[in-house]
Amino acid sequence: MTTETRDGGDAHPLRSYGRRKGKRLTARKAALVADLLPRLRPDLSHPAPNDVRTLFDRALREAWLEIGFGGGEHLLWQARANPDIGMIGCEPFLNGVASLLGGIDDHGIETILIHDGDARDLIAWLPDASISRAFILFPDPWPKKRQAKRRLLTPALVRSLARILQPGGELRFASDDMNYVRAALFTIGRDGDYVWTASRANDWRERPADWPETRYERKALSEGRKPSYLCFRRR
Ligand SMILES: C[S@@+](CC[C@H](N)C(=O)[O-])C[C@H]1O[C@@H](n2cnc3c(N)ncnc32)[C@H](O)[C@@H]1O
């Protein structure tokens, strides 16, 4: 649950995302938002269960988390490729949420939950060591110097992810903004609870095979920006 303030912001000091709504939804997507989304939303007004896998309707092996899933292409791909994993996606942009709902409905997926708000609220709610893999793919780069404070990846976020990640769990981060990539390497490296798993340049220059292209990545590549793909293991 994101607490809205009078200026339309949330309880966090700085918003890490842009607009929350885009163009008007189609009738089908509006219906999915009205009917399906409430059934997939974790209820943050009650304490989280000790075992987050029990949030799902069937027995699952692990729970993974995607922060800022955009249109949900990556999350849907992972859910289809890993039917024994429960996925929790966070995205405050309604049109992106609606796109993912369309995919969930098209493919009859029963292993995705959606927090349609600020990921930091969901992370604060999740129990220790409850998530096996977390994805932050192409977070808004906020490239101007005065905007850098809005970036999602801060020492506090890295710390809270270390709390919810299981030992041996994985954090995946990608960006096409080299300043952000450098800042992420510095911030995650300095935390002390993560090991960068790359052993050669291609490990961060090439997208791993179990990681599909995202919409934002395609845009970056078409505009000539080469992304970096960082994988960290939680100690
Ligand atoms: C540049 S887009 C990338 C979307 C997608 N991951 C992709 O690669 O196509 C970044 C997304 O992160 C979302 N976002 C930003 N701050 C967030 C937060 N605090 N919690 C959840 N999502 C957030 C934005 O709404 C936006 O959709």
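All figures in this text were calculated on a predicted structure; none of them were measured in a lab. Whatever order the structure lists ligands and atoms in, that order sets their numbers, starting from 1.
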Nearest-neighbour protein heavy atom for atom 23 (C) of ligand 1, which is reported as residue plus atom name and distance: Pro92 CD, 3.6 Å
Option of least heavy-atom distance to atom 5 (C) of ligand 1 (set: Gly71, Gly72, Gly68, Ala174): Gly68
Under 4.0 Å to a heavy atom of Tyr216 - the qualifying atoms of ligand 1, by number: 1 (C), 3 (C), 7 (C), 8 (O), 9 (O)
Protein contact of atom 2 (S) of ligand 1 - nearest heavy atom, named by residue and atom, plus distance: Phe138 O, 3.5 Å
Aromatic ring pairing Trp211/His74, orientation class (parallel under 30°, perpendicular over 60°, tilted between): perpendicular
Lys226, NZ atom: more than 12 neighbouring heavy atoms under 6.0 Å: yes
Per-atom contacts of ligand 1 with Thr214, taking only distances under 4.0 Å to non-hydrogen atoms: 7 (C), 8 (O), 9 (O)
Whether over 12 other heavy atoms sit under 6.0 Å from Arg80 CZ: no
Nearest atoms (heavy-atom pairs only) where Trp196 meets Leu230: CZ2-CD2, 3.8 Å
Contact partition for Leu152 relative to ligand 1, non-hydrogen atoms under 4.0 Å: side chain
Sub-4.0 Å atoms of ligand 1 with respect to non-hydrogen atoms of Leu137: 3 (C), 5 (C), 6 (N), 8 (O)
Separation of Leu185 CG from Phe173 CZ (nearest 0.5 Å): 8.5 Å
Atom pair CD1/CD1 of Ile131 and Ile88 - distance to nearest 0.5 Å: 4.5 Å
Numbered atoms of ligand 1 (with element) below 4.0 Å of Ala119, judged on heavy atoms: 18 (C), 19 (N), 20 (N), 21 (C)
Arg20 versus Asp116, closest heavy-atom pair with distance: NH2-O, 2.9 Å
Under 4.0 Å to a heavy atom of Glu91 - the qualifying atoms of ligand 1, by number: 11 (C), 12 (O), 13 (C), 24 (C), 25 (O), 26 (C), 27 (O)
Protein contact of atom 16 (N) of ligand 1 - nearest heavy atom, named by residue and atom, plus distance: Ser16 OG, 2.8 Å
Distance filter under 4.0 Å to Asp118 heavy atoms, resulting ligand 1 atoms: 18 (C), 19 (N), 20 (N)
Flag if over 12 foreign heavy atoms under 6.0 Å of CZ, Arg150: yes
